[in-house]
Amino acid sequence: MDFLSRRAMLLGAASLPLAASFIGKAVAQTRWQLATAYPDGNFHTRNLRDFITEVQAAAGGLQIQMHSNASLLRMPEIKRGVQTGQAQLGEILLSAYGNEDPFFEVDSVPQLVTSTEQARKLAELQRPYVEARLQRQGITLLYMVPWPQSGFYTNVPVESVETLRGTKMRTFNALTNRFATLAGATPTLVQQAEVPQAFATGVVNAMVTSAATGVDVQAWDFCKFFTPIGFTRTKNAVFVQTRALQALPEASQRAIRAAAAAAEARGWQASEVETVERQNMLGSRGMTIGTPSPALMQGLARIGATQADEWVAKAGEEGKRLMDAYRAAIA
């Protein structure tokens, strides 16, 4: 080996610590943006803050700035925003993207899930389909957490599905849109942050959503009755741009996945607590908490059966396999 070659080798070896230091500094300066459409007090958002805290403590200097209440991106923009790098992390109501793919919305079929046990089984079966579809779009699913059970928000008692006929119903995804139509209501898609204004201006006068959302939007200001019916256990999905995730050191990637698993477990537990606490809060603010009548539940079951059949027809052979597996699991 000649002198120049030996000198180049020595210089290269000497520069390794400097390069490592530079890389470490670059990782330490990594800053991600997280977009969510939900307000700071929502239990999903609180769970996200705990997730961020755990990630930042374990992921080698990664800093995450959360933009809540649709302050960075509105719900319909979040997934695309993560794909294009406007944000590296995002949270969406998965079923809000049902028009894009039916597997995103199966948890929004009315009355398909009527217990937490059933919600867990559906989530387990749905997950690989969701992961595969997001992965093809450059997105990695981190975790999913369900909303508490839903109920009707109205200004008259809901005795049967017929009570909903002629109402202007706020909807939030394709399947609630279809439900409103089947119930004889006029559906209007309204994002959560816009609900109070929609009621105040008469754009809508009824909605079906969770008690948690009802508290977020202070539903007692514009509705008198909340009738819990189960209806759905729709899930929020938190995901990361795959390219951004893979750019991190392996140890940081593992830390993010571990924090995500913890957030999912914590979120399911929080959802159970929210079911009781938020419904009680609606009552404490003057809303009447109704008891669903047998006639109402029978009418909902009929509509739910119709929508389940429609979902399978739309989702094709894979959808039939998922639905058959789910029904077998809860039989």
Test log, rule side chain to side chain contact (heavy atoms under 4.5 Å, CB included), inputs Phe239 and Val82: CA-CA 8 Å; Phe239 46 72; Val82 171; 3.6 Å; yes

Same apolar cluster (I L V M F W Y, side chains within < 4.5 Å links), Leu93/Met144: yes

pair Met323-Leu112: side-chain heavy atoms closer than 4.5 Å: yes

Nearest-0.5 Å distance that lies between atom CD in Gln307 and atom CZ in Arg302: 13.5 Å

Arg165/Glu162 salt bridge by N-O under 4.0 Å criterion: yes

For Glu264, the option from Arg127, Arg257, Lys235, Arg120 that meets salt bridge (Lys or Arg N to Asp or Glu O under 4.0 Å): Arg127

Lys79 NZ to Ile139 CD1 distance, which is reported to the nearest 0.5 Å: 5.0 Å

Sub-4.5 Å side-chain heavy-atom contact between Lys121 and Tyr326: yes

Sidechain-backbone polar pair: Glu77 side chain, Leu73 backbone, donor-acceptor under 3.5 Å: no

Within one Ile-Leu-Val-Met-Phe-Trp-Tyr cluster: Phe226 and Val161, side-chain cutoff 4.5 Å: no

Check: Thr140/Thr242 side-chain N/O donor and acceptor closer than 3.5 Å: yes

Single-linkage hydrophobic cluster, 4.5 Å side-chain cutoff, Tyr97 and Leu322 together: no

CD-OG1 distance between Glu159 and Thr227, expressed to the nearest 0.5 angstrom: 8.5 Å

Side-chain donor or acceptor of Ser284 paired with backbone N/O of Met281 under 3.5 Å: yes

Flag for Gln279-Thr275: side-chain donor and acceptor within less than 3.5 Å: no

Residues Arg170 and Glu194 bridged, charged N to O under 4.0 Å: no

Stepwise side chain to side chain contact (heavy atoms under 4.5 Å, CB included) check, Ile52 with Gln56: CA-CA 6 Å; Ile52 290 171; Gln56 292 183 157; 3.7 Å; yes

Single-linkage hydrophobic cluster, 4.5 Å side-chain cutoff, Leu175 and Ile229 together: no

Note, Tyr38 side chain near Asn69 side chain (heavy atom, < 4.5 Å): no

Thr176, Thr232, Asn173, Thr234 screened by side-chain hydrogen bond (donor to acceptor under 3.5 Å, both in side chains) with Ser108, the one that passes: Asn173

Side-chain touch Phe231/Phe179, heavy atoms, less than 4.5 angstrom: yes

Side chains of Thr45 and Asp40, donor plus acceptor under 3.5 Å: no

Pairwise side-chain contact, Val217 with Met207, heavy-atom cut-off 4.5 Å (strictly under): yes

Side-chain (Asn155) to main-chain (Phe222) donor-acceptor, under 3.5 angstrom: yes

pair Gln63-Thr30: side-chain heavy atoms closer than 4.5 Å: no

Non-hydrogen atoms of Ser210 and Pro148 that approach each other most closely: CB-O, 3.6 Å

Near-ring test Phe199/Tyr153, centroid separation under 6.0 angstrom: no

Gln246 versus Gln241, side-chain donor and acceptor atoms under 3.5 Å: no

Distance flag, aromatic centroids of Phe104 and Tyr129, threshold under 6.0 Å: no

Euclidean distance, Gln149 CD relative to Thr209 OG1, rounded to 0.5 Å: 11.5 Å

Glu310/Lys314 under salt bridge (charged side-chain N to carboxylate O under 4.0 Å, His left out): CA gap, chis, key distance, verdict: CA-CA 6 Å; Glu310 291 176 347; Lys314 182 166 56 173; over 6 Å; no

Side-chain touch His44/Leu48, heavy atoms, less than 4.5 angstrom: no

Gln135, CD: over 12 other non-hydrogen atoms inside 6.0 angstrom: yes

ILVMFWY network linking Leu182 to Trp311, side-chain heavy atoms under 4.5 angstrom: no

Glu272 and Thr116 side chains, donor-acceptor separation under 3.5 Å: yes

Test item: Ser252 side-chain N/O and Ala59 main-chain N/O as donor-acceptor pair under 3.5 Å: yes

Residue pair Ile256, Leu142: steps toward the side chain to side chain contact (heavy atoms under 4.5 Å, CB included) verdict: CA-CA 8 Å; Ile256 289 170; Leu142 293 177; 4.0 Å; yes

Over-ring placement of Arg133 relative to Phe103, 6.0 Å and 45° cut-offs: yes

Min side-chain heavy-atom separation Gln192-Pro39 under 4.5 Å: yes

Glu91 and Thr36 side chains, donor-acceptor separation under 3.5 Å: yes

Residue pair Thr154, Thr163: steps toward the side chain to side chain contact (heavy atoms under 4.5 Å, CB included) verdict: CA-CA 10 Å; Thr154 56; Thr163 305; over 6 Å; no

Inter-residue atom distance Ile64.CD1 - Arg49.CZ, 0.5 Å rounding: 12.0 Å

Side-chain ion pair, Asp50 and Arg46, N-O less than 4.0 Å: no

Arg233 to Trp147, cation-pi by 6.0 Å centre distance and 45° axis angle: no

Straight-line distance of Met66 CE to Gln33 CD, nearest 0.5 Å: 12.0 Å

Within 6.0 Å of CZ in Arg243, more than 12 heavy atoms from elsewhere: no

